[in-house]
Amino acid sequence: MKVGIIGATGYGGLELIRFLHNHSEVEHIELFTSSEADVLFSSKFGHLANIMDTPLQKIDEAALATLDVIFTSTPSGVTSELLPPLVGKGAKLIDLSGDYRLKDPRSYENWYGKKAAPFDLLQQSVYGLTEWNAPQIKQATLIANPGCYPTAVLLPLLPLLKEQLIDSQHLIIDAKSGISGAGNKPSQATHFSEANESFAIYKANTHQHIPEIEQAIAMFAGVETAISFNTHLIPMTRGILATSYAAMMPNVTEAQLIDCLQATYEKHPFVRIVTEGSGIGTNRVKGSNYCDIFVKVDPRTNRATIASVIDNLVKGAAGQAIQNMNVQFDLPQTTGLDVVPFFI
Ligand SMILES: NC(=O)C1=CN([C@@H]2O[C@H](COP(=O)(O)OP(=O)(O)OC[C@H]3O[C@@H](n4cnc5c(N)ncnc54)[C@H](OP(=O)(O)O)[C@@H]3O)[C@@H](O)[C@H]2O)C=CC1
Ligand SMILES: CC(=O)N[C@@H](CCC(=O)OP(=O)(O)O)C(=O)O
């Protein structure tokens with residue numbers, strides 16, 4: 001397979017390279033840039049010396065036309081304009097940005113504050129939450145790879161909502177992310193001296209992933225709900241911990257929640273249900289495509305505490321994108337992604 005990466009110099013792009021380099025079916029990788037054409041990639045990123053000694057190319061339709069798969073890992077508002085001319089030209093398109101996730105263009109414009117992609121392509125795009133949408137992903141020409149927080153939140157909640165084991169209303173979701181979630185462009189909030197030794201809530205009640213999570217809950221679990229969802233920046237590089245709180249439905253037990261999660265993900269290699277101990281941390285999944293899930297019911301309140309961890313750059317971005325490519329090409333989902341988490 002010949003693959004291209006637009007936005008190769010960003011964090012998502014670098015993670016795509018890390019995994020695609022070891023992917024048995026990928027024979028050629030082309031790297032595209034909007035700002036640094038002709039620069040040798042390994043001269044910009046020394047850790048890739050002797051590994052990725054290819055020049056960055058300018059984004060050019062003729063060069064893109066030779067590829068089987070194009071990953072776009074660019075800021076929101078870019079692919080809404082970049083991808084329409086490429087749809088249906090032969091390459092599978094896998095977009096890591098938020099531009100094709102929301103079906104309603106007004107919702108995108110409200111939450112992202114940018115012009116939405118063309119309506120027909122928003123309807124045509126397939127939401128790439130691999131474990132829940134594989135048959136559609138297999139047929140898709142344009143995949144909207146999920147956001148990092150939605151991936152962490154949806155994988156544990158969807159089975160429990162679908163089976164009506166927890167109350168779909170009044171869901172409270174408290175999520176924390178490492179700083180690489182904000183990409184490679186420095187900002188005041190991610191400046192070391194302000195982010196280090198601090199722990200901050202941001203985008204309170206206004207995060208752009210709220211409509212994406214609600215849309216997916218409606219799509220896959222069949223329930224309409226309005227969630228309370230908040231995000232926090234923690235002073236570490238990688239990882240998301242999402243903790244959701246939900247009231248139990250009458251007469252449902254903790255064992256039923258665990259059974260439901262285990263049954264749902266039994267045949268899914270990247271989702272692990274953790275039953276030992278009293279919690280989980282992001283180091284369990286760091287550098288890997290795993291999502292680990294832990295559930296504990298509080299008998300005093302009859303509410304479930306539902307925690308999940310992912311690496312935002314892997315299962316939350318590049319890893320899931322490659323998992324989707326594997327589905328599209330009928331490969332085992334683990335191809336190129338079968339790595340042991342860093343842990344430390
Ligand atoms: N970081 C994360 O954890 C996650 C990120 N995402 C989403 O994935 C996308 C990429 O994220 P991330 O890698 O972190 O972002 P970065 O900011 O690290 O990188 C984005 C890259 O896009 C390229 N770019 C910028 N402007 C343009 C443009 N106008 N046209 C084409 N390319 C452009 C830049 O490369 P160059 O200058 O070389 O063109 C840049 O390196 C974003 O939409 C993000 O929201 C999704 C899930 C998780
Ligand atoms: C820590 C941090 O800032 N994370 C980013 C991750 C979101 C993201 O990747 O946004 P898209 O919807 O454009 O994919 C954020 O909260 O906005």
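Remember, it's 1-based here, ligands and their atoms both numbered in the order they're listed.
Contact analysis puts Lys203 in contact with ligand 2, with a non-hydrogen atom separation below 4.0 angstrom. Using a 4.0 Å heavy-atom cutoff, Ser177 is listed among the residues neighbouring ligand 2.
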Subject >> side-chain contact (heavy atoms from CB on, under 4.5 Å) between His209 and Phe229, intermediate numbers included >> reply: CA-CA 9 Å; His209 290 165; Phe229 172 73; 4.1 Å; yes
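The protein heavy atom nearest to atom 8 (O) of ligand 1 is Leu96 O, 3.3 Å. For atom 33 (C) of ligand 1, the closest heavy atom belonging to the protein is Ser34 OG, 3.3 Å. Of all protein heavy atoms, the one closest to atom 22 (O) of ligand 1 is Pro75 CD, 3.4 Å. Nearest to atom 4 (C) of ligand 1 among the protein's heavy atoms is Ala317 CB, 4.2 Å. When hydrogens are left out, the protein atom nearest atom 1 (N) of ligand 1 is Ser180 O, 3.0 Å; that is the closest non-hydrogen contact. Nearest non-hydrogen protein atom to atom 13 (O) of ligand 2 is Tyr112 CE2, 3.6 Å. Of all protein heavy atoms, the one lying nearest to atom 10 (O) of ligand 2 is Gln208 NE2, 3.1 Å. Ranking protein heavy atoms by distance to atom 6 (C) of ligand 2, first place goes to Gly181 O, 3.3 Å. The shortest contact between atom 48 (C) of ligand 1 and any protein heavy atom is with Gly316 O, 3.4 Å. Scanning the protein heavy atoms around atom 20 (C) of ligand 1, the nearest turns out to be Ser73 O, 3.5 Å.
Within ligand 2, counting atoms from 1 as listed, the ones closer than 4.0 Å to a heavy atom of Cys148 are 6 (C). Each of the atoms 1 (C), 2 (C), 3 (O), 4 (N) of ligand 2 lies under 4.0 Å from some heavy atom of Ala182. Near Leu233, meaning under 4.0 Å from any of its heavy atoms, are these atoms of ligand 2: 1 (C). Each of the atoms 7 (C), 8 (C), 10 (O), 11 (P), 12 (O), 14 (O) of ligand 2 lies under 4.0 Å from some heavy atom of His209. The atoms of ligand 2 that sit less than 4.0 Å from any heavy atom of Gly178 are 1 (C). Shown in contact with Tyr149 at under 4.0 Å from a heavy atom are these atoms of ligand 2, numbered in order with element: 16 (O).
Counting side-chain heavy-atom gaps under 4.5 Å among Ile, Leu, Val, Met, Phe, Trp and Tyr, the cluster of Ile6 also holds Phe32, Ile59, Leu64, Leu67, Ile70, Val78, Leu82, Leu83, Leu86, Val87, Leu93, Tyr100, Leu121, Leu122, Leu142.
For ligand 2, the polar-atom distance check finds an N/O of Arg101 within less than 3.5 Å of one of the ligand's N/O atoms. Polar contact check, Phe32 against ligand 1: no nitrogen or oxygen pair lies under 3.5 Å apart. For the pair Asn312 and ligand 1, the shortest N or O to N or O distance falls below 3.5 Å. Between Ala182 and ligand 1, a contact under 3.5 Å exists for no N or O pair. Taking any N or O of Tyr11, backbone or side chain, at least one lies under 3.5 Å from an N or O belonging to ligand 1. Between Thr33 and ligand 1, at least one pair of N/O atoms sits closer than 3.5 Å. For a threshold of 3.5 Å applied to N or O pairs, the pair formed by His207 and ligand 2 contains at least one separation below that value.
Within a 4.0 Å radius of atom 45 (O) of ligand 1, the protein contributes no heavy atom.
Of the options Cys148, Gly10, Ser97, the smallest heavy-atom separation from atom 19 (O) of ligand 1 is shown by Gly10. When the heavy atoms of Tyr108, Tyr202, Trp111 are ranked by distance to atom 1 (C) of ligand 2, first place goes to Tyr202.
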